[in-house]
Structure formats: structure tokens, C-alpha cells
Amino acid sequence: MCGRFCCAQNPKEVADKLQKDKYCDEDITVDCEDYIPRYNVAPTSNILVFYEKESKKKLQTMNWGYLPSWAKKLPLTKPINARQDTIEKSANYFSSSKNSQRCVIVAEGFFEWKKLNSGKKQPYYIKRKDGKLMAFAGLYDISQLTDKSYTCVIITTNAQKSFSIIHDRMPVILDEKSVLSWVDSSKPWTATISQLMRPFEGELEFYQVSDAVGSTKNDSPRLITSIDSQKSSISHFLKRSDPKEEAVTKRKGVVRSIKNIAKGFSDVQIKVREATSNDPWGPSGTIMNEIAQLTFNE
């Protein structure tokens, strides 16, 4: 499943990256005034969705939680995920969107919780190893029952082999060659379209992250930073100095002080010689006045 993901870039950056990452080679109309970039995107949020309408590619915000157009009243809960095998059935809750309302939910990465033997769940952050955006296959629909009429759902499938150690399911992550076929509203649902809903074949990078991601109130780059990196930074900050290094530093400081003192005495000797060159004793107080005016440079 997919119940939390990261999309902290602004809509213009995302549209540009969709083109840079070769998901789309056409102009993209951006309509995302109510979008708030977040590292911790949760259900019911307004999220960035890429889709096609009237042959034009659009990036628009939609509410994460699917509400079908045929619904007569608001349900208690709105699904955020739809299983691949459910979508493939001839008649299902999402049937009204299969033919012409397929979309892509854009993310930088997503979170999943691995159940440990102790019963505790450890959160992981997952992203593409090549650094490209993630394109989750989804469906959308338009309802007049809510202020946010556009709503969407993320499709899930079986986990790829490397990811299965964390969870047995994952979002359908479309590759660059599949996105335009998936969102093509002129293509009705066929076996060819259905085959796009498969486990991701590219390389994924995933690592443990802080439990703080569990609270939707938390939202910062630290949520997608590996625990190991955070521990390393803290350890470096708290690292005690090596006694040998401290001794060397102190020894260097002492040597430097001695050199400065020696230089000072040398300057004194020069001043004394200059002041007594004509008269060994000089005018009364001459030598003392010269010495009093000396400053030792550190």
C-alpha cells in the first residue's frame, strides 16, 4: 500500500522535472494554486496529479481520497489506494474512471513501515535510485459532493523482489515510457493498458528513517534523511577529542608562545642597544621609557 509520500518541490519545479526526466515532451499546463509542498504528504491532502484532458497535459491538485462521480452521498471514508486486481475486474468501485480518467500522482519518494519481530513498525523511505521523480499510476474522478471536486486514488501492486523485505505491496510506479500511454484519455481500457500495472523494474533505494514521520504534524527534510546519517552527524558533533591530539595542540601553543616571548626579548635588546649607543647610561629614564613603550606582538 501507499499511505504517505514526499513531494516537497513546488508545482513549477515538478512540471519542469517531468520534462527533464523524460516523462513528458509536451507543454504542461500548471493549475496548482492551493498546493502546499510537503515532505510528509498524508491522505485527504491536495496533491499534485499529472493527467490529460482534451489532448492537453495538465498538472493539477486533486484531493487524495477517491470519490466516484456516481456517489449520491459522502462515504465515511474515501479509498486512498486501489489494488491492481480490483481494477482489473470488469465491474468495480473505480470502473467509471478506467477508460478516460487515468492519472499519475507525482512524488519524490514514499514511506512504508516494516513490521519487526518485536511487533514494532520501522518506517522506511523509498525513492528511485537514479533520482528521478516517481510516477504513481492512479485514477481520478469528478464529484459535486465536495468543494474539491477532483479526487484521486493510487493503484498498488505486488512488491518487486528487492522491496518485498519491507512490505508485500507497493504503488504501481510507471517508467518514463509508460506514463503517456497511461494518461492518454483517447485510449480505452485494454489488456495493453492493464499490463502497465506491474511491479517497478528499475532500481530503488530505501533506508530507515525517523519515527517522527508517523505524525502528520511533522514536516521537514529530516523525515527523508536516513537514521544512520543522523546518528553519524550527532556522533561527530558529540565526539570527544583524542587526548593525543589535545597534547599536540597544547604543545604547539606553548611553542608559539615561547617564540613570541623570545621575539619580544630580542626587540628589547635592540631597543636597549639603540638607546645606549652614544651614552651607555643615556639621559635619565631613557632606557625605562623605551622599554615601557614596547609592545610584544603575539
Side-chain angles (χ1 to χ4, degrees), residues 1-28 30 32 35 37-41 47-52 57-59 64 81 84 102-114 122-138 152 154-184 193 195-210 213 220-230 232:
M1 62 176 295
C2 177
R4 209 73 65 81
F5 65 87
C6 167
C7 191
Q9 299 182 32
N10 66 55
K12 180 62 168 61
E13 290 174 325
V14 170
D16 290 343
K17 204 162 191 317
L18 284 171
Q19 294 174 321
K20 182 181 177 181
D21 290 350
K22 302 186 185 311
Y23 286 113
C24 178
D25 56 3
E26 303 173 33
D27 291 337
I28 301 174
V30 179
C32 307
Y35 179 69
R38 283 182 59 86
Y39 290 93
N40 193 5
V41 181
I47 60 178
L48 293 183
V49 178
F50 175 71
Y51 71 110
E52 180 184 278
K57 304 301 185 295
K58 299 186 69 174
L59 185 67
W64 186 16
N81 292 155
Q84 169 197 350
R102 299 183 299 271
C103 64
V104 161
I105 288 82
V106 185
E108 295 173 61
F110 68 99
F111 299 95
E112 190 54 83
W113 279 257
K114 177 180 181 179
Q122 173 62 53
Y124 280 76
Y125 181 63
I126 304 95
K127 60 182 180 179
R128 285 184 57 147
K129 198 165 188 177
D130 58 14
K132 292 184 177 182
L133 291 173
M134 282 188 161
F136 301 149
C152 64
I154 295 173
I155 301 173
T156 63
T157 187
N158 295 325
Q160 65 164 230
K161 186 175 181 181
S162 65
F163 182 74
S164 61
I165 61 172
I166 297 175
H167 202 277
D168 61 353
R169 297 195 67 77
M170 66 187 302
V172 172
I173 304 170
L174 301 171
D175 59 29
E176 299 85 326
K177 297 178 181 179
S178 304
V179 165
L180 292 183
S181 295
W182 177 261
V183 301
D184 190 341
I193 297 295
Q195 288 172 5
L196 298 177
M197 297 188 299
R198 59 180 182 269
F200 185 60
E201 296 175 352
E203 289 189 86
L204 295 175
E205 179 182 356
F206 45 87
Y207 46 79
Q208 296 181 26
V209 292
S210 168
V213 71
S220 77
R222 288 179 62 84
L223 299 182
I224 62 171
T225 303
S226 72
I227 287 180
D228 291 340
S229 296
Q230 294 182 40
S232 177

Q: Report the C-alpha distance between Ile105 and Phe5 in whole Å, list the side-chain angles of each, state the deciding distance to 0.1 Å, and finish with yes or no for side chain to side chain contact (heavy atoms under 4.5 Å, CB included).
A: CA-CA 10 Å; Ile105 288 82; Phe5 65 87; 4.0 Å; yes
Q: May I have the step-by-step check of side chain to side chain contact (heavy atoms under 4.5 Å, CB included) for Arg102 and Ile193, ending in yes or no?
A: CA-CA 10 Å; Arg102 299 183 299 271; Ile193 297 295; 3.8 Å; yes
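- Residues satisfying the ring-ring contact (aromatic ring centres under 6.0 Å, His included) test with Phe111, not counting sequence neighbours, are Tyr125.
- Scanning all heavy atoms of the two residues, the minimum distance from Asn158 to Met170 falls at O-CG, 3.8 Å.
- With rounding to the nearest 0.5 Å, the separation of NZ in Lys58 from SG in Cys32 is 9.5 Å.
- Between Trp64 and Val41, the shortest heavy-atom distance links the atoms CZ3-O, 3.9 Å.
- Put simply, the side chain of Cys24 does not reach to within 4.5 Å of the side chain of Val179, judged on heavy atoms.
- Between Phe206 and Tyr124, the ring-plane angle classifies as perpendicular under the 30° and 60° cut-offs.
- Considering only heavy atoms from C-beta on, Arg198 comes within 4.5 Å of Leu196 through its side chain.
- Within the 4.5 Å cutoff, the side chain of Arg128 has heavy atoms near those of the Met134 side chain.
- Annotation for Val213 and Pro123: closest pair CG1-CB, 3.8 Å, computed over non-hydrogen atoms.
- Between Arg222 and Tyr39, every side-chain heavy-atom pair lies at or beyond the 4.5 Å cut-off.
- Counting non-hydrogen atoms of neighbouring residues, nucleotides and ligands closer than 6.0 angstrom, the CG atom of Asp130 exceeds 12 such neighbours.
- Remark: the backbone N or O of Ser210 is not paired with any side-chain donor or acceptor of Gln122 at under 3.5 angstrom.
- Using modelled atom types, one side-chain atom of Glu108 and one backbone atom of Gln9 make a donor-acceptor pair closer than 3.5 Å.
- Minimum interatomic distance between Glu176 and Lys132 (heavy atoms only, all atoms of both residues): OE2-NZ, 2.7 Å.
- To the nearest 0.5 Å, atom CD1 of residue Ile165 and atom NZ of residue Lys114 are 5.0 Å apart.
- At distances below 3.5 Å, at least one donor-acceptor pair connects side-chain atoms of Asp21 with backbone N or O atoms of Leu133.
- Inter-residue side-chain proximity for Asp228 and Gln208 is flagged as unmet; no heavy-atom pair is nearer than 4.5 Å.
- Of all heavy-atom pairs spanning Tyr35 and Cys7, the tightest one is OH-O, 2.6 Å.
- With contacts defined as side-chain heavy-atom distances shorter than 4.5 Å, the pair Leu59/Leu48 qualifies.
- Taken from CG in Leu180 to NZ in Lys22, the straight-line distance is 12.5 Å, to the nearest 0.5 Å.
- Shown are Phe50, Phe136, Tyr51; of these, the side chain to side chain contact (heavy atoms under 4.5 Å, CB included) with Cys103 is made only by Tyr51.
- The backbone N or O of Lys129 lies less than 3.5 Å from no partner atom in the side chain of Glu203, so there is not a single donor-acceptor pair.
- With rounding to the nearest 0.5 angstrom, the CD atom of Glu52 is 7.0 Å from the CD atom of Glu26.
- To the nearest 0.5 angstrom, Met197 atom CE is 5.5 Å from Ile155 atom CD1.
- Considering all non-hydrogen atoms of both residues, His167 and Ala159 come closest at O-CB, 3.3 Å.
- Contact annotation: the side chain of Phe110 approaches that of Ile173 to within less than 4.5 Å [non-hydrogen atoms, C-beta and beyond].
- Gln160 CD to Leu204 CG: the interatomic distance, rounded to the nearest 0.5 Å, is 4.5 Å.
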